[in-house]
Amino acid sequence: MTSLKLNLGPQHPSTHGVLRLILELEGELITRCEPDVGYLHRGMEKMAEKLSYIQYLPLVDRIDYLAGFFYSELLCRNIEKALSLELSPRVKAIRVMLLELNRISSHLLWIGAFLMDLGAVSPFFYAFREREVILKYFEKISGQRMMNNYFVFGGVRNDIFDIEEIERFLEILPHKLDDYESIITDNLIFKKRTVGKGVLDPKIALNFGITGPNLRASGVGYDTRKKDSLYEGFSFSPIVLGNQDSWTRYKIRILEIHESIRIITQAIEKIKANPELNNNFINPLNIVLPEGEYYSEIEAPRGVASCYIKSDGKKSPYRLKWRTGSYYAVNLLRKLLVGEYLNDAIAIAGSLDIILPEVDK
Amino acid sequence: MLKEFYYMLLSFLTVFKHLFKRPVTLEYPEKKSEVGERFRGKPYMKGCIKCGTCIKVCPANAIKIEDNDFIFDMKKCIFCGNCSFYCPVKAIKMTQNYELATNDVNDLKLLYKIEGRENERLD
Amino acid sequence: MDINKFKEIFENTTTIGEKIYIENNLAETVKFVKENYHFDILKEIIAVDNQENGIELIYRLYSAENEEEALLATIVRDEVESVCNIFDSAYADEKEIYDLFGVRFVGNQELKRLYMPEDWKGHPLRKDYMENDERLNWND
Amino acid sequence: MNYLYFLYIEFLAKHNIPKIFGDITFYVIPACIIFVALILVILVLVLFERKLLGWFTQRKGPNRVGFWGVLQTLADAFKLLCKENITPIGADRAVFNLAPIIMFLPVLIALGLIPFSSEFTFMNFQTNVLIYVILATFPVLSILLAGWASNNKYSLIGGVRNVAQILAYELPISFTVLSVIVLASSMNLTQITLAQSNQYGVLGWYWFPCIIGFGLMLICTLAELNRCPFDLPEAESELIAGYNTEYSGMRFALFYLSEYGMLFANSLFISVLFLGGYLSPFGKYLSPILFSGPVGNILIYFEQAFWLFAKSFLIIFIFIWVRATLPRLASFDLLKFSWNILLPLSIVNLLLMSLLKFFVGGVYA
């Protein structure tokens, strides 16, 4: 059987960005899949070595433009740990609220994109209708919808206001989620396309460095929010589902949105509890970290994200490395797609929630 | 078997329900979406004391101060708002204007005159 | 993971802060640690180019059961044996480090450039890379 | 039809034009009417689908060109006319150009078969149901040719998938059509329509006794048209545009128009078979009551055509509704669904209908 070499991407509607998969097909069966990345490589780590910390902060939202808050929080947390800047309780509550809102908007976009991969047209627009409310709120608070540059070392740029809009939104959201669930979750065709497809065994997942919702859908309850200092005092339980296929990866993200809603309601109470926002800002022009290495870690929507800074006492870091979730999910495709058919392959790749800016950094 | 039909029918009815809802889209040129007052659009400068903080703080190196000419290079600016946030005298303000498309390139060099307190030193 | 438990296992390791430096037979150490102390996720391999004394590779291992993290580090000139048959996630990390630092990983068959095009000269993240290109020095 | 024919011959005789000329040209006029009607309907249909999909997803749908987006499809067609017809290198030129033409022909012929009103059927011979079923499978040939000729891996996969899909879904269609023929005991579409005008009115149409057949026919026509749950050949998210990836300009417009043309023709076919063609749902026609005298019985023909169009637009509404809701089937489930479920079901349906015809034949005669 002569094998057909097929280029999936880089300009392809269902790869959410510029991912190129070189597939070898026999008929429609994939025998080898080799991802080729680097089309969106902006040299984030090289830029860091040339810019001072305050100059690098706005660029950090671009690492994963759907979850910008997470990466500016990572950098701020690293610097605050190095310079031991204390955060006031209100700032912590604001940060948790905006992080979880960003997680909801990222999951909503994924639901729309995943359904569009499978061919259903309308859930995409319904998910974007909800996401628009969140982005409008980000714009009102921070000034930009996605590249918000709102967290600063030692606090947030300016205070949060109009929380009632978010409270109203949190009442509507569960009903809208039930709308999606009634269209999608038990739909016969959706179940045929996703149940039992792309089974990810926990051992393989751990071996491939998969973290976040994909890992929790395979039964391993690893959620860094439990050990995260920012999330102390928030009662939440990470969701772990067992049966490892695309359908559970879809279901776990719906449950995570419900979980985030609970966290946000607690955060809003904390914000209302302590009204005054006392940031302790530092002079931005000469932020110099004492020599040494600093790690910080956070539970981004697509997996554990972490930032490593090695500083040698100069204005810009000696070495800065990012760890992102989708980077290892793309590597997983090499094993997961082998033995699948072409239209199942697209559905499985979609279910892993791969975003290319994260992969290419 | 019956449950499958019920769920299939449910998904049809939910989509049908949306047929009677008002559209949420917005006709752009006629109706513009209003932006918050913290929106970071085209930068505007008035009352600069030439202290140079904005040059040090701008990630894209988009600000240049020749004597009495304050130049924003719109080809480089990423609208991050660092300059307006860290300017000691709050001279730089980000307006709400986001329609910056032009077809002539020297519109992209915003030039503002520095008058008033120009005797302070540019450290 | 307390340090001394590691220590009496590996005789020639010296520890600085949390990191445990391992001079040679890195692959067995990683395999040994993975099996005996169920460190089942290799979170990332961090490469740092300290110009004279070679490139430092930090392996961040994490165990999901007992929520512990271990950092194994080695100093490398330009060749080290690969861990890609122990941890599959190392394929991507090693390709990236080879691409940006030029460290060759023995035993990784698919070692080629990850981000840069195939015919790119030089390794961008090394300190001695294009130092003279003033286009990159923006802020000073 | 023959009433109009004598009218036409008599008119020619008055201007002493020989009869032979009349015979030849007589069939040209309805052909032109059908062609113009088809183009108009397709323009309306494309806009109808895009507006409906917009409303289903709370969007406005095209509303820039023309008062309410009415001229949108005209603008699209004109744009496609001006676009350059690119033929990819290494493409099999002759076959590449032939494929869209083959795709568009069956649509025209298929519309000639449908009885728009009791008087006006273009080709009214005894077995035009059979002709229709054959014509409905022509696009498979053109899609395979297009897939092969455009020298592009994606279109090849698209074309080959379409063959497997149509093969699997033609059999249930023929069995369902057979069951309707058994009920109406005639192969002529006009006879079938007349057989459905019995004293039960709406319930007398064949969709009620043959409810399984109606459901099967809807599903299989969706598959035959490559529409939503079965749109494997041009699945946007996998094969970009499947077989018509390499087509641009007028050739792509031909593919696009013929896809909507087949949609219209098939929905007409279903409304004739199951929803009683041009019969009015209220038992008798309204126009003789409203306009007495000769104007009334001229208007009857238009009212009959109106009822037929209304039913076919109802079916098209259901197709668009399905497209807005359901995701796509994988290729394996698609074939399994047809061979394991639809085919046996259609045979059982045929058995039921023949039993129904044998025992309760009198009622539905």
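Per chain, numbering begins at 1; letters A, B, ... match sequence-line order. This one's a predicted model, so the numbers in the text were calculated from it and none came from an experiment.
Nearest heavy atom pair, residue A:Arg62 against residue B:Ile78, reads NH2-O, 3.6 Å. Of all heavy-atom pairs between B:Asn82 and A:Ile54, the closest is ND2-O, 3.2 Å. Considering all non-hydrogen atoms of both residues, B:Phe39 and A:Gly143 come closest at CD1-O, 3.3 Å. Between B:Arg40 and A:Met147, the shortest heavy-atom distance links the atoms NH2-O, 2.9 Å. Closest approach of B:Pro59 to A:Leu51, counting heavy atoms only: O-CD2, 4.0 Å. Looking at every heavy atom in both residues, B:Val57 comes nearest to A:Gln55 through O-CG, 3.4 Å.
Contact annotation for B:Phe5: neither backbone nor side-chain heavy atoms come within less than 4.5 Å of a heavy atom of chain A. At a 4.5 Å heavy-atom cutoff, the contact between A:Lys136 and chain B is made by side-chain atoms alone. Residue A:Tyr180: no heavy atom, backbone or side chain, is found under 4.5 Å from chain B. Neither the backbone nor the side chain of B:Thr25 comes within contact range of chain A; no heavy atoms are under 4.5 Å apart. Neither the backbone nor the side chain of B:Gln96 has a heavy atom closer than 4.5 Å to any heavy atom of chain A. For chain B, the nearby part of A:Leu285 is the side chain; its heavy atoms alone come within less than 4.5 Å. Only the side chain of A:Phe281 comes within less than 4.5 Å of a heavy atom of chain B; its backbone N, CA, C and O stay farther away.
Between B:Val24 and A:Glu132 the shortest side-chain heavy-atom distance does not fall below 4.5 Å.
Shown here is A:Lys140, whose NZ atom has more than 12 heavy atoms of other residues, nucleotides or ligands within 6.0 Å. Heavy-atom contacts from other residues, nucleotides or ligands closer than 6.0 Å to NZ of B:Lys109 number 12 or fewer. Sparse packing is recorded around CG of B:Asn103, with 12 or fewer heavy atoms of other residues, nucleotides or ligands lying under 6.0 Å away. Heavy atoms of other residues, nucleotides or ligands lying less than 6.0 angstrom from NZ of A:Lys314 number 12 at most.
Between chain B and the residues A:Thr185, A:Leu188, A:Val152, the largest count of heavy-atom pairs under 4.5 Å involves A:Leu188. Counting heavy-atom pairs closer than 4.5 Å to chain A, the top-ranked of the candidates B:Cys58, B:Ser11, B:Gly36 is B:Ser11. With chain B as the partner, the residue from A:Asp61, A:Ile141, A:Ile184 showing the most heavy-atom pairs under 4.5 Å is A:Ile141. The choice from A:Arg145, A:Glu181, A:Gln144, A:Lys191 that makes the most heavy-atom pairs within less than 4.5 Å of chain B is A:Gln144.
Taking CG of A:Asn187 as the reference point, atom CD of B:Glu4 lies at 9.5 Å (rounded to 0.5 Å). For the atom pair A:Arg157 CZ and B:Arg38 CZ, the distance stands at 11.5 Å (nearest 0.5 Å). Atom-to-atom distance recorded for A:Glu139:CD and B:Glu34:CD is 8.5 Å, nearest 0.5 angstrom. With rounding to the nearest 0.5 Å, the separation of CG in A:Asn283 from OH in B:Tyr86 is 9.5 Å.
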**Message:** Test salt bridge (Lys or Arg N to Asp or Glu O under 4.0 Å) on B:Lys3 and A:Asp186; report intermediate values, then the result.
**Reply:** CA-CA 9 Å; B:Lys3 224 152 55 60; A:Asp186 295 312; over 6 Å; no

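A side-chain contact (heavy atoms from CB on, under 4.5 Å) with B:Cys80 is found for one member of A:Asn149, A:Asn148, A:Leu59, A:Leu57 and no other, namely A:Asn149.
Within residues 120-130 of chain A, the residues having any heavy atom less than 4.5 Å from a heavy atom of chain B are, in residue-number order, A:Ser122, A:Tyr126, A:Arg129.
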